[in-house]
Amino acid sequence: MSDAVSGTASQLWHGVVGQRTAVQRLVKAAIDPVHAYLFVGPSGSTADVAARAFAGLLIAGTDDIADRNIDLAVRGEHPDVHEVRREGASISADQAREIVRMSSRSPVESDRKVLILHEFHLLTPEGAARLLKTIEEPPPSTIFVILADFVPRDLVTIASRCARIDFQAIPDAVIVERLIDEGVAAASADEAALAARGNWDRARLLASDPDLAARRKAFAQVPYRLDGTGNVVFGIVDELLALIEAAAAPLTARHDQELTELEERIARSGERGSGKAALGTRHKRELRRHRTDELLAGLATIAGEYRDALAAGDLPRPDSAVEAVEAIHHAMEAFAINANEALLLQALLWSLPTLTKP
């Protein structure tokens with residue numbers, strides 16, 4: 001473990017991208033762990049990968065990736081590492097009750113059991129109240145690893161009972177370097193990193209998307225195509241949504257591969273349907289998030305065109321660009337709460353001023 005602490009982390013941490021400080025803290029923490037850890041960082045910061053690696057290290061006591069316990073934990077298949085994901089829009093009181101029950105069980109194979117709780121920023125107040133005592137004083141053999149994009153008000157009390165580990169959005173340069181190491185062409189790596197906005201999972205997906213550049217160009221051209229008519233707005237919205245629909249192809253292909261691999265494991269182990277429902281739920285959630293990410297990235301590209309026009313002094317009324325950017329940001333916030341895509345885009349584009357190519 002000393003190599004990891006000094007900065008030359010073992011292969012166990014290879015999938016944790018651009019988080020040197022977090023990895024160093026986790027390696028040290030595993031020597032004498034406390035009862036609960038809170039990983040705080042944006043989606044795609046590889047905090048989830050770090051959680052599995054940390055769980056494996058806690059159970060195995062080694063960072064050797066050849067160790068059976070490490071291998072199972074990293075793959076999400078260790079019987080003493082339980083991952084909990086929300087079943088609906090939030091983590092409910094019923095799910096919290098199940099987490100309490102799971103925490104009370106004895107480990108199956110090891111001296112410790114690790115509960116990895118995903119997206120805890122979506123915990124309901126009722127769920128937080130139900131979990132507080134258990135996370136504060138879990139059974140001696142149970143360690144919680146809680147993941148949250150940020151710490152909302154309802155999570156503050158629970159957060160105060162945990163050792164906090166911060167994860168940062170990954171710098172573009174780090175993403176580009178890692179993508180090139182994985183065999184991605186430099187130009188494609190640059191494009192993917194720019195569009196991913198610090199999200200490693202999204203960057204890898206976009207790096208395999210041959211239509212990324214064309215999709216970004218389509219969004220960038222929107223302000224120059226507007227002419228104040230509804231027909232043009234409706235046509236642009238239809239085109240953009242079709243591009244976003246097609247952009248899910250690489251993710252769908254990955255989902256198909258994961259399902260095939262799961263079915264092969266089920267066939268080998270003789271278990272029927274084990275994990276298929278959970279996998280299907282995760283796939284639906286990832287597709288929804290991918291679609292939202294595409295919309296947000298596209299809107300950010302449009303906003304960039306207005307900012308560039310403002311900086312270049314190309315607008316007869318500079319305030320119109322400021323108003324356009326504000327309207328785009330309001331739309332981005334609305335998309336985050338699952339607003340109707342077509343209607344919101346139509347209303348947004350209808351309100352935006354036309355730009356003229358210099």
Q) Can you check whether Trp13 reaches Phe54 side chain to side chain, under 4.5 Å on heavy atoms? A) yes

Q. Val145 and Ala51: which non-hydrogen atoms are nearest, and at how many Å?
A. CG1-CB, 3.8 Å

Q. Do any N or O atoms from the side chain of His329 and from the backbone of Ala303 form a donor-acceptor pair under 3.5 angstrom?
A. no

Q. Does Arg289 come within less than 4.0 Å of Glu286, counting only side-chain N to carboxylate O?
A. no

Q. What class does the angle between the rings of Phe150 and His121 fall in, given that below 30° is parallel, 30 to 60° is tilted and above 60° is perpendicular?
A. tilted

Q. Would you call Glu109-Arg68 a salt bridge at under 4.0 Å N-O?
A. yes

Q | Glu239 vs Arg225, salt bridge (charged side-chain N to carboxylate O under 4.0 Å, His left out): CA-CA, chis, key distance, verdict | A | CA-CA 12 Å; Glu239 291 174 20; Arg225 296 176 60 189; 2.9 Å; yes

Q) Is the backbone N or O of Leu123 less than 3.5 Å from a side-chain atom of Gln95, with the two atoms forming a donor-acceptor pair by type? A) no

(Q) I'd like to check Leu12 versus Leu57 (side-chain heavy atoms, cut-off strictly below 4.5 Å). Are they in contact? (A) yes

Q | Approximate separation, where rounding is to 0.5 Å, of Leu287 CG and Lys284 NZ | A | 10.0 Å

Q) Have Arg288 and Thr292 got a donor and an acceptor in their side chains that come within less than 3.5 Å? A) yes

Q. So, does Tyr306 use its side chain to make a donor-acceptor pair with the main chain of Pro353 at under 3.5 Å?
A. yes

Q: For residues Arg52 and Val81, determine if any side-chain heavy atom of one lies less than 4.5 Å from a side-chain heavy atom of the other.
A: no

Q: Evaluate the side-chain contact (heavy atoms from CB on, under 4.5 Å) criterion for residues Met102 and Val84: first the C-alpha distance (whole Å), next the side-chain angles of each, then the deciding distance (0.1 Å), finally the verdict.
A: CA-CA 10 Å; Met102 290 171 60; Val84 179; 4.1 Å; yes

Q: Answer yes or no: is there a side-chain heavy-atom contact under 4.5 Å between Trp200 and Ile175?
A: yes

(Q) Quick check: is Val17 connected to Leu26 through a chain of hydrophobic side chains (ILVMFWY, heavy atoms under 4.5 Å apart)? (A) no

Q. Say you draw a straight line from CZ of Arg216 to CG of Leu243; how long is it, rounded to the nearest 0.5 Å?
A. 13.5 Å

Q.
Tell me the closest heavy-atom pair linking Val176 and Ala189, and the distance in Å.
A. CG2-O, 3.7 Å

(Q) Check for me, please, whether Val156 and Leu131 land in the same ILVMFWY cluster - side-chain distances under 4.5 Å, paths through other members count. (A) yes

(Q) Please determine whether residues Val237 and Phe335 belong to a single hydrophobic cluster, defined as Ile, Leu, Val, Met, Phe, Trp and Tyr linked transitively by side-chain heavy-atom distances below 4.5 Å. (A) yes

Q: Output the distance between atom CG (Leu117) and atom CD1 (Ile99), rounded to the nearest 0.5 Å.
A: 5.0 Å

Q: First locate atom OG1 of Thr260, then atom CD of Gln257, and finally report the distance between them rounded to the nearest 0.5 Å.
A: 7.5 Å

Q: Taking only Lys NZ, Arg NE, NH1 and NH2, and the carboxylate oxygens of Asp or Glu, determine whether Glu126 and Arg97 approach each other closer than 4.0 Å.
A: no

Q: Could you walk me through whether Leu348 and Leu299 pass the side-chain contact (heavy atoms from CB on, under 4.5 Å) test, one step at a time?
A: CA-CA 10 Å; Leu348 173 65; Leu299 292 179; 3.6 Å; yes

Q: Examine distances only and state if a side-chain atom of Asn69 and a backbone atom of Gly56 form a donor-acceptor pair shorter than 3.5 Å.
A: no

(Q) Would you compute the distance between atom CD of Gln168 and atom OG1 of Thr46 and round it to the nearest 0.5 angstrom? (A) 11.0 Å

**Q.** More than 12 heavy atoms from other groups under 6.0 Å of CD on Glu258
**A.** yes

Q. Does Arg112 use its side chain to pair, donor to acceptor, with the backbone of Leu58 at less than 3.5 Å?
A. yes

(Q) Under 3.5 Å, is there a donor on one side chain and an acceptor on the other for Asn231 and Thr229? (A) no

Q | Arg215/Glu191 ion pair, N-O < 4.0 Å | A | no

Q.
When you measure from the side chain of Asp63 to the backbone of Ser10, do you find a donor-acceptor pair of N or O atoms at a distance under 3.5 Å?
A. no

Q.
Minimum heavy-atom separation for Ala297 and Ala195, please, with both atom names.
A. CB-O, 4.2 Å

Q) Got a donor-acceptor contact below 3.5 angstrom from the Glu83 side chain to the His118 backbone? A) no

Q. CZ of Arg307 to CD of Glu305: how many Å apart, nearest 0.5 Å?
A. 11.0 Å

**Q.** pair Ile244-Glu341: side-chain heavy atoms closer than 4.5 Å
**A.** no

**Q.** Candidate pair Leu251 and Arg202, rule side-chain contact (heavy atoms from CB on, under 4.5 Å), full reasoning
**A.** CA-CA 10 Å; Leu251 181 58; Arg202 181 162 166 75; over 6 Å; no

Q | Same cluster (ILVMFWY, side-chain, under 4.5 Å), Leu205 and Val16 | A | no

Q: Would you kindly confirm whether Phe219 and Trp350 end up in one hydrophobic cluster when ILVMFWY residues are joined by side chain heavy atoms under 4.5 Å apart?
A: yes

Q.
So His283 and Arg254, do their side chains get closer than 4.5 Å, heavy atoms only?
A. no

Q: State, yes or no, whether a side-chain contact exists between Ser110 and His78 at a heavy-atom distance under 4.5 Å.
A: yes

Q. Got a donor-acceptor contact below 3.5 angstrom from the Arg25 side chain to the Arg164 backbone?
A. yes

Q. Yes or no on salt bridge (charged side-chain N to carboxylate O under 4.0 Å, His left out) for Glu98 and Arg130, after CA distance, side-chain angles and deciding distance?
A. CA-CA 10 Å; Glu98 175 62 16; Arg130 190 172 294 277; over 6 Å; no

Q. Within a reach of under 6.0 Å around CZ of Arg101, are more than 12 heavy atoms found that belong to other residues, nucleotides or ligands?
A. yes

Q: Kindly indicate, with the supporting measurements, whether the criterion side-chain contact (heavy atoms from CB on, under 4.5 Å) is fulfilled by Asp201 and Ser43.
A: CA-CA 8 Å; Asp201 296 332; Ser43 176; 5.5 Å; no

**Q.** Nearest non-hydrogen partners of Lys113 and Ser103, listed with the distance
**A.** NZ-O, 3.4 Å

Q.
Please check: side-chain N/O of Thr354 versus main-chain N/O of Leu226, any donor-acceptor pairing under 3.5 Å?
A. yes

Q) Looking only at heavy atoms, what is the nearest atom pair of Leu355 and Ala309, with distance? A) CD2-CB, 4.0 Å

Q. For residues Asp67 and Thr62, is any side-chain donor paired with an opposing acceptor at under 3.5 Å?
A. no

Q.
Could you check whether atom CG of Asp256 has more than 12 heavy atoms from other residues, nucleotides or ligands sitting under 6.0 Å from it?
A. yes

Q) What's the shortest heavy-atom distance between His35 and Ile135, and which atoms? A) CD2-O, 2.8 Å

**Q.** Close side-chain approach of Leu352 to Ile328, heavy-atom, < 4.5 Å
**A.** yes

